[in-house]
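Read the structure below first, then the notes.
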Protein chains: 2
Amino acid sequence: MATSTTTRDRARPVDKHDERRNQLAESALATLGELGYARTSLREIANRSDFTHGVVHYYFRDKFELIVYCVRYYKARCVRRYDDVVADAGTADELLDGFAAKLQETLREEAAMHRLWYDLRTQSMFEESLREAVTMIDRTLEEMIWRVLSRYAELAGREPVTGPAAAYGLLDGLFQQALLGYVAGDEAALETLSGQVHGLLPLLLRP
Amino acid sequence: MATSTTTRDRARPVDKHDERRNQLAESALATLGELGYARTSLREIANRSDFTHGVVHYYFRDKFELIVYCVRYYKARCVRRYDDVVADAGTADELLDGFAAKLQETLREEAAMHRLWYDLRTQSMFEESLREAVTMIDRTLEEMIWRVLSRYAELAGREPVTGPAAAYGLLDGLFQQALLGYVAGDEAALETLSGQVHGLLPLLLRP
DNA sequence: GACTTTCCTTGACACTTGTCAAGCAGACCG
DNA sequence: CGGTCTGCTTGACAAGTGTCAAGGAAAGTC
């Protein structure tokens with residue numbers, strides 16, 4: 001991100017507006033990740049940033065617009081996380097190892113963001129207005145997982161037994177369980193997750 | 001705390017106090033299932049019941065005590081849901097069919113309760129005070145799933161390839177995905193779930 | 001009957017929330 | 001220099017929140 005915000009930048013004035021929005025989204029995401037959707041107020045977001053609560057309302061019409069903007073902003077940041085692993089792996093086992101390691105890394109370093117994601121996804125079951133954004137991200141994640149699995153199958157010279165949806169559901173279940181444990185302080189969740197993924201993926205290939 | 005005073009004196013077999021608490025929990029659960037944890041206030045719970053908002057505070061010290069009581073009350077109601085299926089099945093295929101059918105039934109008839117469960121479980125990642133109750137239920141659900149899977153393996157004369165935790169994580173992932181779709185209006189999620197479960201369980205048995 | 005305990009209603013409190021309007025500082029433009 | 005526009009601060013508003021206390025109603029006890 002371009003942190004050299006001051007003056008020098010002869011770029012379009014339009015960008016400045018968007019840049020502020022992104023800064024606010026960044027702040028908001030940090031707060032949301034820490035407190036969760038329910039307990040996060042606009043004032044709290046402002047307090048934990050360098051802005052006042054009026055600014056938030058200046059850049060976003062209402063709370064909902066801010067949240068949805070954040071969700072989309074977040075998605076753009078995380079959706080290609082496993083692409084390198086897929087591209088770099090030369091064998092099926094290598095891919096599996098890389099994928100599991102990346103999952104661990106995600107769990108360790110992005111726990112707050114991911115519990116927020118699960119929070120928002122769950123909220124979308126109650127708040128219809130969140131549904132569209134959530135569905136979109138969910139589909140993107142599903143495709144991300146599918147890229148991993150189908151490449152894994154390819155490297156193994158075999159075929160997946162499941163479709164993209166089931167594959168995503170299964171892995172997401174394991175990850176969510178691990179996240180729950182990890183957030184609760186169970187460090188072993190990292191290893192458990194890796195083991196489970198190493199166990200699962202081979203099962204998803206037709207013999 | 002000591003609000004139950006000296007319950008010893010009259011030794012009424014059925015404590016009227018507890019009965020009211022259960023009625024309130026029932027009302028609260030209905031409201032929570034509809035609105036979600038974040039948007040449910042004590043007054044809203046009272047409004048949607050035959051009680052006034054003061055009564056809630058008379059029977060529960062604070063909001064948190066009510067929520068936790070509800071969570072436990074809910075658990076007691078749903079945790080033996082698959083026991084009949086396990087007991088009645090004579091073959092592995094029969095068990096699989098019965099289990100999938102019961103999952104569908106759960107999805108169809110208890111969607112509100114389950115989205116509430118996922119809501120609370122996610123909240124527990126932010127609110128430590130919810131964690132104990134949630135962990136307890138999660139373990140109970142894991143055991144429930146394990147009873148199904150291990151009996152399934154037994155009937156098939158084979159061994160499960162996963163432990164209880166992984167099995168629960170996988171199935172929970174599929175169920176949650178189906179719930180998300182179903183709540184959003186996708187009726188096909190019922191069939192999809194059944195198909196996925198029919199596909200998954202055989203994979204979980206050692207060849 | 002009167003008295004006590006239990007149950008519930010009502011209204012209030014202190015506080016937080018989203019929202020918005022009035023106004024101010026500074027840049028930009030003539 | 002004055003004027004205008006953008007970005008931001010501040011303070012206010014109404015609505016909603018959890019909590020609680022004072023007191024009435026009902027039921028049970030003597």
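Chain letters run A, B, ... following the sequence lines, proteins first, then strands; residues in each count from 1.
Protein atom CZ of R21(A) is 15 Å distant from nucleotide atom C1' of dG7(D), rounded to whole Å. Between the CD1 atom of I67(B) and the P atom of dT19(D) there is a distance of 11 Å, given to the nearest Å. In this structure, R39(B) atom CZ and dT17(D) atom C1' are separated by 15 Å, rounded to whole Å. H53(B) has its NE2 atom 9 Å from the C1' atom of dC20(D), to the nearest Å. Rounding to whole angstrom units, OH of residue Y37(B) and C1' of dT17(D) are separated by 13 Å. dC8(C) atom P lies 7 Å from atom CZ of F51(B), rounded to whole Å. Note: NZ (K63(A)) to C1' (dT16(C)) measures 11 Å, nearest angstrom. Atoms CD (E44(A)) and C1' (dG18(C)) sit 15 Å apart, rounded to a whole Å.
Each of Y59(A) and T40(B) was matched to the nucleotide of DNA chain D holding its nearest heavy atom; the match closer to the 5' end belongs to Y59(A). Nearest-nucleotide mapping onto DNA chain C: of H57(A) and D50(B), the residue sitting toward the 5' end is D50(B).
Using a 4.0 Å cut-off, no side-chain N or O of S41(B) falls inside it from OP1 or OP2 of dG16(D). OP1 or OP2 of dC8(D) lies within a sub-4.0 Å distance of a side-chain N or O belonging to R20(A). OP1 or OP2 of dG7(D) has at least one side-chain nitrogen or oxygen of Y58(A) nearer than 4.0 Å.
A cation-pi arrangement is found for K63(B) relative to Y37(B), the charged atom lying closer than 6.0 Å to the ring centre and inside a 45° cone about the ring normal.
Side-chain contact, N47(A) with H53(A): no donor N or O sits under 3.5 Å from an acceptor N or O. Judged purely by distance below 3.5 Å, without hydrogens or angles, the side chains of N22(B) and E26(B) never pair a donor atom with an acceptor atom.
No contact: F64(B) has no heavy atom under 4.0 Å from any strand.
Between the side chain of H17(A) and the base of dG7(D), no donor-acceptor pair of N or O atoms lies under 3.5 Å. Between the side chain of R43(A) and the base of dG18(C), a donor-acceptor pair under 3.5 Å is found.
Nearest nucleotide to the T52(A) side chain, out of dC7(C), dT10(D), dT19(C): dT10(D).
Here the CG-OH distance, from L204(B) to Y152(B), works out to 8.5 Å after rounding to the nearest 0.5 Å.
Here the options are R81(B), K102(B), R115(B), the test is salt bridge (charged side-chain N to carboxylate O under 4.0 Å, His left out), and the partner is E110(B); only R81(B) passes.
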